[in-house]
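Input: a single structure, listed below in structure tokens.
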Amino acid sequence: MRGGYQKWLHLKCPRCGEHIQIQLAGARRWTISIDWLNRPTVTPSIWQTGSCQAHLFIREGVIDWCRDVGAPRQGVSRYV
């Protein structure tokens with residue numbers, strides 16, 4: 001946070017472990033919301049363009065893998 005505003009979300013890629021930075025401020029940004037059970041939702045999707053090409057959504061604390069390049073196995077979700 002800087003000046004009371006969230007700037008970046010940092011997370012480890014659930015597939016390869018590489019560090020991912022998600023921009024939360026500026027014109028091109030993601031949003032993060034936390035529900036009453038403290039589960040995060042990040043929009044839009046996260047596409048790890050580095051090593052493993054993972055493409056995923058985080059919805060209500062669950063990782064939903066996209067069906068394109070990078071999905072480890074179809075239908076597999078994981079809690080974050």
What closest approach, in Å, do Q53 and W47 show between heavy atoms, and which atom pair accounts for it?
O-NE1, 3.5 Å
Show the nearest heavy-atom pair for residues R39 and G61, with the distance to one decimal.
CB-N, 3.8 Å
Gap between atom [atom2] of [Y] and atom [atom1] of [X] - 0.5 Å precision:
X: I34; Y: E60; atom1: CD1; atom2: CD; answer: 11.5 Å
X: I22; Y: T31; atom1: CD1; atom2: OG1; answer: 11.0 Å
X: I32; Y: T43; atom1: CD1; atom2: OG1; answer: 9.5 Å
X: R29; Y: K7; atom1: CZ; atom2: NZ; answer: 11.0 Å
X: I46; Y: W30; atom1: CD1; atom2: CH2; answer: 8.0 Å

Determine, using the 4.5 Å side-chain heavy-atom cutoff (strictly less than), whether L11 and F57 are members of one ILVMFWY cluster.
no
Please evaluate residues H19 and H10 with respect to the criterion side-chain contact (heavy atoms from CB on, under 4.5 Å), reporting the C-alpha separation (whole Å), side-chain torsions for both, the decisive distance (0.1 Å), and the verdict.
CA-CA 7 Å; H19 178 245; H10 296 267; 2.9 Å; yes
Side-chain contact test, heavy atoms from C-beta onward, threshold under 4.5 Å: evaluate it for [X] versus [Y] and give yes or no.
X: P14; Y: L56; value: yes
X: C52; Y: C13; value: yes
X: Q23; Y: R28; value: no

Mark yes when over 12 heavy atoms from residues, nucleotides or ligands other than D35 sit less than 6.0 Å from its CG; otherwise mark no.
yes
Going by distance alone, is a donor N or O of one side chain under 3.5 Å from an acceptor N or O of the other, for S51 and E18?
yes
